[in-house]
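Remarks on the structure that follows.
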Amino acid sequence: MIIAEGLHKSFTKPGASNKEDKVVAVNNVSFSARDGEVTGLLGPNGAGKSTTLRMLATLIKPDAGNATIDGHHVVDDVFTVRNQLGFMPHNAGIYPRLTARENITYYARLCGLNKKATTRRLDELIEQLEMQGFIDRRALGYSQGQKTKVALARALVHQPQTIMLDEPTNGLDVMATRGLREIIRELAKQGHCILFSSHIMQEVAALCDHIAIISDGTIAIADSLEGIHRRTGESDLEDAFVRAIGEQP
Amino acid sequence: MKAFTVMIKEIIDNLRDRQTVFYALLFGPVLLPLLIGGSIVASLKQLSIDFDVVTTVAVENRSSAPQLMEFLYSNNVDVVDAPDNPEQAVRRGDVDVVLKVMPAFGDNLRAGQPAPLTLFVNEADKESGKQARKIRALLSVYERTLNNLRMQHRGMDPNIFNTLDITQQDVSQDGAGGQLLASLLPFLLIVSMVMGGFYLAIDTTAGERERQSLEPLLTLPLRRRDLVLGKFGATFCFVLLSGLLTAISVFLLFKLFPTDLLGSNMRFDGITITKAFLLASPLLVFISAVLIAVSAFTRSTKEAQTYLGLLMVIPMAPFFALQFITIRNAVYSMPFPMLSQYQLLERVVLGDAIPALFIVLSVVGTLASAGLLLWLAFGLYSKDRILM
């Protein structure tokens with residue numbers, strides 16, 4: 001369960017001489033994501049999706065506001081949060097000179113799994129994500145789909161309750177996207193809390209139980225798909241999105 | 001423990017990178033000593049003239065100066081006939097030098113006048129220049145002998161023109177070339193230590209940011225300090241490996257050095273090299289810390305290479321500076337990393353005594369600087385900026 005309340009983050013403008021010369025990335029973001037559901041963070045590029053996820057994933061500290069993961073504060077209780085959190089960034093970020101197995105093992109060991117537990121967990125993940133074909137090959141020549149699988153396996157290696165995926169379908173072809181969607185649905189069914197960011201309407205519409213639309217660093221609307229249709233009076237998510245962020249359809 | 005996991009991963013990862021391995025195992029330990037050591041040996045050999053070796057000199061009109069030819073022969077110089085056009089021959093490099101006995105030589109000598117000789121030399125050619133210096137040296141001995149004979153012949157004491165009796169005593173234990181050779185060891189050792197860890201440090205910090213693999217790593221239950229320590233540890237291993245291999249290769253290189261070219265007190269035996277390596281060992285920590293701190297500060301591998309490339313001047317600076325500057329009271333320079341090791345290692349090679357205070361100051365100063373740099377790197381990794 002993720003609860004974000006009034007998150008705020010601003011950064012010093014790159015190259016600014018005055019440190020007070022700031023750009024607001026996220027302003028008063030509040031929403032929640034429940035266990036057993038896929039929650040979509042939908043917004044255009046630069047809306048503040050990644051910054052919000054980074055704050056929730058303990059990567060950066062919010063300037064103001066609160067966020068908890070399963071009741072643990074993301075600033076004060078960093079290690080408990082990290083132990084229960086699997087995070088996949090918007091580019092896989094895997095090590096090209098290591099094999100998939102080595103990439104995943106590295107994360108497993110850093111999460112505190114011993115040798116035996118690592119091997120057992122790896123076998124499960126190879127099976128679950130169908131990585132048999134490339135698990136012992138170095139990652140340099142991987143397709144985008146293979147890279148995403150390795151990155152997802154790394155995020156899942158310590159069996160976290162909460163899983164955050166930052167634009168996971170970027171660069172994936174149709175079949176790989178469908179495959180990933182299946183995996184995400186399965187994880188939600190197992191009771192995980194899944195937060196998923198995307199700028200692709202169809203993606204979110206097809207997958208998410210709950211949607212938070214973010215625009216200009218603020219949550220414009222957060223509800224179920226039906227709720228958003230009802231509240232905006234639009235039957236199409238794209239039109240609802242345009243209306244929600246305050247543009248004329 | 002987690003720092004150890006990071007270290008092992010970075011070592012395995014970088015052992016698969018050709019560039020890192022080349023610079024750690026080949027550039028510093030093999031190429032650099034061969035290039036620099038080799039060229040110094042070559043130039044020393046060219047500078048030093050060996051009067052015991054029999055050489056051949058082309059002389060034109062040798063029949064006009066039979067006694068001079070006799071003198072040259074008795075001084076290990078075989079005289080042969082000069083080619084037809086001596087100027088061309090020397091310029092082309094057919095012969096190193098040509099000594100031309102001018103037609104007036106015999107008459108002038110008999111008349112007590114200066115007897116003309118012309119020496120054709122090509123100063124652009126090192127061999128020719130060296131040969132010319134040898135011939136000039138022999139000729140001036142011959143000239144002195146003739147002077148003495150002329151004066152005695154006229155009933156004068158030859159010493160009447162020796163108004164000064166100058167004795168120069170070189171009190172340095174090594175001679176001028178020695179200092180250069182002695183500073184070669186710290187130079188090679190330090191440069192290859194830096195090069196050994198250079199690419200690994202960049203790859204594990206700036207490279208990790210560039211590949212965007214840092215972001216997911218930082219969401220793991222892992223203290224950022226452990227992460228930095230792991231990367232530092234991996235860099236340290238490569239710096240150590242490169243330093244050790246270089247010490248071995250310098251030892252082997254100086255085994256090949258002709259001993260008469262080294263100063264009488266210079267030593268490059270196993271014990272000396274071991275001592276030198278131990279004295280330089282605090283630098284392993286310092287150099288690793290510099291590499292990690294600087295490349296942690298940069299955003300991309302290219303930026304890191306630029307900054308560290310500029311920093312490469314620092315390990316070389318004492319080498320060049322110490323060729324010009326003499327630091328009389330070394331105690332003030334001992335707390336400075338690099339500078340102190342340069343001086344300590346030179347002393348070891350020259351067999352000078354090293355006060356214990358120097359060693360303490362050098363070790364403490366170097367390790368304290370390394371600690372400061374590591375603390376800086378910890379600070380950089382705890383900021384939001386590391387992810388931007």
Side-chain angles (χ1 to χ4, degrees), chain A residues 9-12 14 25 50-51 53-63 74 78-99 102-103 105-113 118 138-140 147 150-152 154-155 157-158 160 162 164-166, chain B residues 1-22 199-200 202-231 233-234 298-301 303 380-388:
Chain A
K9 183 76 189 175
S10 55
F11 298 107
T12 306
S50 288
T51 306
L53 284 188
R54 281 173 162 192
M55 282 190 280
L56 294 174
T58 74
L59 284 168
I60 53 178
K61 292 189 180 93
D63 298 334
V74 294
V78 173
F79 278 83
T80 321
V81 169
R82 288 181 186 169
N83 270 316
Q84 301 177 358
L85 172 80
F87 178 79
M88 191 177 116
H90 63 86
N91 38 52
I94 59 176
Y95 301 104
R97 293 188 296 262
L98 299 187
T99 65
E102 289 165 336
N103 264 289
T105 303
Y106 181 43
Y107 270 47
R109 300 311 295 266
L110 289 179
C111 287
L113 272 70
T118 303
R138 290 194 190 165
L140 191 62
K147 283 185 194 162
V150 178
L152 186 61
R154 284 197 320 196
V157 77
H158 55 306
T162 304
M164 294 184 197
L165 311 164
D166 193 1
Chain B
M1 188 57 215
K2 285 183 179 175
F4 187 72
T5 307
V6 174
M7 184 181 101
I8 296 296
K9 177 260 164 191
E10 297 297 6
I11 290 175
I12 293 175
D13 196 352
N14 276 278
L15 278 176
R16 293 178 186 170
D17 183 45
R18 284 205 196 120
Q19 195 178 30
T20 310
V21 172
F22 170 78
Y199 285 99
L200 183 134
I202 291 177
D203 183 80
T204 57
T205 53
E208 179 130 81
R209 287 175 76 177
E210 200 169 56
R211 277 194 302 269
Q212 293 171 302
S213 52
L214 183 64
E215 196 176 334
L217 194 60
L218 292 181
T219 64
L220 299 182
L222 158 79
R223 267 193 300 268
R224 292 190 184 187
R225 189 189 305 165
D226 285 341
L227 189 64
V228 177
L229 275 179
K231 291 169 185 297
T298 57
R299 285 163 207 271
S300 65
T301 50
E303 202 183 336
L380 282 168
Y381 265 81
S382 68
K383 291 217 166 70
D384 285 354
R385 186 186 168 277
I386 197 80
L387 283 168
M388 297 304 145

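Note: hydrogens, waters and symmetry copies are ignored here, and every other heavy atom, side chains too, is used. Proteins get letters first, then strands, A, B, ... in listed order; numbering begins at 1 in each.
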Side-chain heavy-atom pair B:Pro216, A:Arg154 within 4.5 angstrom cut-off: yes
Side-chain contact, heavy-atom cut-off 4.5 Å: B:Leu220 with A:Phe87? no
Top contributor to chain B contacts, counting heavy-atom pairs under 4.5 Å, from A:Val78, A:Leu85, A:Asp166, A:Leu98: A:Leu98
Can you tell which of A:Leu110, A:Thr80, A:Val81 has the highest number of heavy-atom pairs within less than 4.5 Å of chain B? A:Leu110
Which residues pass the side-chain contact (heavy atoms from CB on, under 4.5 Å) test with B:Leu380, not counting sequence neighbours? B:Ala296, B:Phe297, B:Arg385
According to side-chain contact (heavy atoms from CB on, under 4.5 Å), who are the partners of A:Ala92, at least two apart in sequence or on a separate chain? A:Ile94, A:Lys147, A:Ala151
Determine, stepwise, if the pair B:Lys9 / A:Arg109 fulfils side chain to side chain contact (heavy atoms under 4.5 Å, CB included). CA-CA 10 Å; B:Lys9 177 260 164 191; A:Arg109 300 311 295 266; over 6 Å; no
Stepwise side chain to side chain contact (heavy atoms under 4.5 Å, CB included) test for A:Arg97 and B:Asp203: CA-CA 12 Å; A:Arg97 293 188 296 262; B:Asp203 183 80; 2.9 Å; yes
Which atoms of B:Leu214 come close to chain A, meaning under 4.5 Å heavy atom to heavy atom: side chain ones, backbone ones, both, or neither? neither
Portion of B:Asp226 that has a non-hydrogen atom of chain A nearer than 4.5 angstrom: neither
With a cut-off of 6.0 Å (strictly less than), are more than 12 heavy atoms of other residues, nucleotides or ligands near CZ of B:Phe4? no
So for atom CZ, which belongs to B:Arg225, do other residues, nucleotides or ligands contribute more than 12 heavy atoms lying within a distance under 6.0 Å? no
Looking at A:Asn83 and B:Pro221, what are the two nearest heavy atoms and their distance? OD1-CG, 3.2 Å
Between A:Pro96 and B:Arg211, what is the shortest heavy-atom contact and its length? CD-CD, 3.5 Å
Interatomic distance, [X] atom [atom1] to [Y] atom [atom2] [nearest 0.5 angstrom]:
{"X": "B:Asp13", "Y": "A:Asn103", "atom1": "CG", "atom2": "CG", "value": "8.5 Å"}
{"X": "A:Thr51", "Y": "B:Leu387", "atom1": "OG1", "atom2": "CG", "value": "11.0 Å"}
{"X": "A:Thr12", "Y": "B:Asp384", "atom1": "OG1", "atom2": "CG", "value": "10.0 Å"}
{"X": "B:Glu215", "Y": "A:His90", "atom1": "CD", "atom2": "NE2", "value": "6.0 Å"}

Please step through side chain to side chain contact (heavy atoms under 4.5 Å, CB included) for the pair B:Leu217 and A:Tyr95, ending with a clear verdict. CA-CA 11 Å; B:Leu217 194 60; A:Tyr95 301 104; 3.7 Å; yes
Given the rule in the side chain to side chain contact (heavy atoms under 4.5 Å, CB included) test, do A:Arg82 and B:Leu222 qualify, once you have shown the distances and angles that lead to the verdict? CA-CA 9 Å; A:Arg82 288 181 186 169; B:Leu222 158 79; 5.8 Å; no
